[in-house]
Protein chains: 2
Amino acid sequence: MTDQQKIPQATAKRLPLYYRFLHNLHLQGKNRVSSKQLSEAIKVDSATIRRDFSYFGALGKKGYGYNVEYLLGFFRKTLDHDENTPVTLVGVGNLGTAFLNYNFTKNNNTKIEMAFDADKEKVGEVIGDIPVYHVDELEDRMGSISVAILTVPVSEAQKMTDRLVACGVTGILNFTPARISVPSDVRVHHIDLAIELQSLVYFMKHYPMDQDEE
Amino acid sequence: MTDQQKIPQATAKRLPLYYRFLHNLHLQGKNRVSSKQLSEAIKVDSATIRRDFSYFGALGKKGYGYNVEYLLGFFRKTLDHDENTPVTLVGVGNLGTAFLNYNFTKNNNTKIEMAFDADKEKVGEVIGDIPVYHVDELEDRMGSISVAILTVPVSEAQKMTDRLVACGVTGILNFTPARISVPSDVRVHHIDLAIELQSLVYFMKHYPMDQDEE
DNA sequence: CAAAAATCGTGAATTGTTTCACTAATTCTA
DNA sequence: TAGAATTAGTGAAACAATTCACGATTTTTG
Ligand SMILES: NC(=O)c1ccc[n+]([C@@H]2O[C@H](COP(=O)([O-])OP(=O)(O)OC[C@H]3O[C@@H](n4cnc5c(N)ncnc54)[C@H](O)[C@@H]3O)[C@@H](O)[C@H]2O)c1
Ligand SMILES: NC(=O)c1ccc[n+]([C@@H]2O[C@H](COP(=O)([O-])OP(=O)(O)OC[C@H]3O[C@@H](n4cnc5c(N)ncnc54)[C@H](O)[C@@H]3O)[C@@H](O)[C@H]2O)c1
């Protein structure tokens with residue numbers, strides 16, 4: 001579980017991207033790929049890709065590149081792509097419904113198992129094969145799920161976070177604008193769509209673009 | 001338009017966050033705030049906040065902190081929050097519909113003006129006051145809109161990107177998993193939800209958490 | 001009003017990430 | 001099979017961002 005702990009965070013964030021691309025290559029029957037080709041496809045500098053891979057050892061072969069199947073197998077293990085991580089979703093509104101309808105499981109090791117909402121109208125529905133329960137049942141139903149997607153109104157964000165944490169959740173993907181507070185062993189990733197849009201506009205206006213930069 | 005160009009990208013990404021929080025403080029009638037208080041609320045180190053602000057000059061007062069109204073006015077200008085940037089959305093599916101229903105304009109300087117879809121069923125609808133047109137009309141209707149949200153199926157992503165760019169779009173918020181190719185003067189921000197989820201799970205498993213880290 | 005407390009702004013140190021540029025190994029071509 | 005081409009892996013440099021830590025100044029307290 002806990003790791004040899006050397007991989008930089010920036011690298012770790014790119015791993016799923018590598019995995020997905022390798023998976024697609026494999027489906028296409030390709031069995032060889034170079035850092036240059038990867039670079040063009042996923043728009044990450046080839047030296048960065050080689051450096052990223054090198055944290056895991058010598059995975060390629062000079063003059064040849066990387067063997068897709070081998071690399072894919074390696075990442076499958078590294079990213080625990082054999083076991084499926086169950087996820088819960090809280091707040092079945094506009095955004096929550098979109099996620100339930102989307103099949104995250106495809107080419108992915110996560111699966112939304114259940115959803116909760118406070119609105120009686122939503123409860124009992126099954127959206128994209130995922131059942132929606134009343135939020136009152138949260139504590140009873142969560143079981144050992146440790147990952148949650150939070151798509152409730154901002155006013156409910158902290159309250160629901162506290163309840164999720166009390167149920168044992170240690171990872172939250174937070175789509176509300178609230179900067180929620182959690183104990184130090186809980187990881188929160190914020191995805192703040194309004195800010196992404198504003199930030200894009202700011203960059204467009206103030207930065208003369210030259211190359212694709214994240 | 002083009003800027004004095006000194007603000008680090010990391011700082012620029014936080015500006016909308018500062019703006020939003022200051023806006024809320026202002027609504028609450030607060031007229032004073034310290035970097036320490038800001039830090040606690042938005043979970044960014046106070047030294048980082050002071051450093052960020054310092055790129056714009058001396059905005060605070062020693063021993064006192066920052067005047068909310070003054071700071072807010074300053075950011076309003078810096079972020080061009082007086083003019084509203086029009087945005088288009090392409091692909092009115094699960095995700096696109098959620099965005100149309102969401103009022104990005106609230107506390108924001110962007111407004112989705114129109115949406116396009118290839119599906120006859122969707123065309124003619126008005127979702128959250130935004131009209132949905134057929135994608136065939138894209139070139140006729142875009143006018144001078146320079147920002148687009150892309151929520152089409154991945155298979156259509158590059159094609160629609162090319163058309164948007166041909167219409168003069170220079171900023172794209174891309175929700176598809178495709179790493180789209182654009183001319184060097186076009187800025188693309190990727191929001192890859194499946195990868196965010198996988199990456200959260202990876203970090204949970206492999207990094208012993210200690211503090212809130214993005 | 002004097003001492004204590006708060007707090008900004010910032011030089012310097014630190015930490016993290018990317019990129020250059022080269023070596024060594026392998027593959028490809030004719 | 002010999003020479004050319006390709007390409008991984010990596011030390012070192014460059015670049016970017018964060019954080020420490022302290023002086024200077026203002027506010028607050030008693
Ligand atoms: N929709 C977007 O495009 C968008 C964009 C940016 C940010 N957001 C943020 O994402 C969040 C969700 O947005 P949305 O548009 O889906 O909102 P929404 O109002 O459509 O959905 C919220 C859902 O949460 C449910 N809910 C309310 N209180 C609850 C509780 N205590 N427990 C469980 N469920 C509860 C409501 O019944 C509703 O179904 C909001 O915080 C919003 O600010 C949304
Ligand atoms: N829904 C999610 O939760 C989610 C999560 C991660 C990624 N994504 C990505 O976001 C994108 C949209 O997802 P979705 O779930 O909304 O898909 P969706 O299939 O519900 O919606 C896609 C919409 O685009 C329209 N469309 C198809 N071709 C078009 C074209 N050429 N021009 C204009 N419109 C066109 C379709 O008619 C449909 O309405 C996909 O690329 C998907 O991979 C979605």
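Here is how names work: the chains are called A, B, and so on, in the same order as the sequence lines, proteins then strands, and each is numbered from 1. Only heavy atoms go into these numbers, but all of them, side chains included; no hydrogens, no water, no symmetry mates.
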Original post:
What's the CG-P distance between A/N67 and D/dT7, to the nearest Å?
Top reply: 15 Å

**OP:** Report yes if the distance between the aromatic ring centroids of B/F75 and B/H81 is under 6.0 Å, otherwise no.
**Re:** no

Original post:
Looking for any heavy atom pair under 4.0 Å, which part of the strands does B/F53 touch: base, sugar-phosphate only, or nothing?
Top reply: nothing

Subject >> Whichever of A/P8 and A/Y64 has its nearest DNA chain C nucleotide further upstream toward 5' >> reply: A/P8

Original post:
Does a side-chain N or O from A/K61 land closer than 4.0 Å to OP1 or OP2 of C/dA25, or not?
Top reply: no

Original post:
For A/S35, which contact category applies under a 4.0 Å heavy-atom criterion: base, sugar-phosphate, or nothing?
Top reply: sugar-phosphate

Original post:
Please give, in whole Å, the distance from C/dT17 C1' to A/K13 NZ?
Top reply: 12 Å

Subject >> Spacing of B/L59 atom CG relative to C/dT7 atom P, expressed in whole Å >> reply: 17 Å

Original post:
Is it true that atom NZ of B/K30 has more than 12 heavy atoms of other residues, nucleotides or ligands lying nearer than 6.0 Å?
Top reply: no

**OP:** Provide, to the nearest angstrom, the distance between the CD1 atom belonging to A/I49 and the P atom belonging to C/dC20.
**Re:** 14 Å

Subject >> Distance below 4.0 Å between B/Y66 side-chain N/O and C/dG9 OP1 or OP2 >> reply: yes

Original post:
Is it true that atom CD of B/E69 has more than 12 heavy atoms of other residues, nucleotides or ligands lying nearer than 6.0 Å?
Top reply: no

Original post:
Would A/D129 and A/K111 pass as an ion pair if we require N to O under 4.0 Å?
Top reply: yes

**OP:** Round to a whole Å and report the spacing from CZ of A/R50 to C1' of D/dG11.
**Re:** 13 Å

Original post:
Should B/V188 and B/R179 count as side-chain neighbours, where that means a heavy-atom distance under 4.5 Å?
Top reply: no

Subject >> Whole angstrom value for the distance that separates P of C/dC22 from NZ of A/K62 >> reply: 16 Å

**OP:** Could you tell me the separation between the CD atom of A/E40 and the P atom of D/dT7, rounded to a whole number of Å?
**Re:** 10 Å

**OP:** Give a yes/no answer on whether the side chain of B/R51 brings an N or O atom under 4.0 Å of OP1 or OP2 in D/dA16.
**Re:** no

Subject >> Which nucleotide in D/dC20, D/dG9, C/dT18 has an atom nearest any side-chain atom of A/A58 >> reply: D/dG9

**OP:** Kindly say if B/T48 contacts the phosphate of D/dT19, meaning a side-chain N or O under 4.0 Å from OP1 or OP2.
**Re:** yes

Original post:
When you check the phosphate oxygens OP1 and OP2 of D/dT26, does a side-chain N or O of B/R32 lie under 4.0 Å from one of them?
Top reply: no

**OP:** Report the residue (A/R14 or A/G63) whose heavy-atom-nearest nucleotide on DNA chain C is the more 5′ of the two.
**Re:** A/R14

**OP:** Grab the CD-P distance between A/Q9 and C/dT17 for me, whole Å please.
**Re:** 7 Å

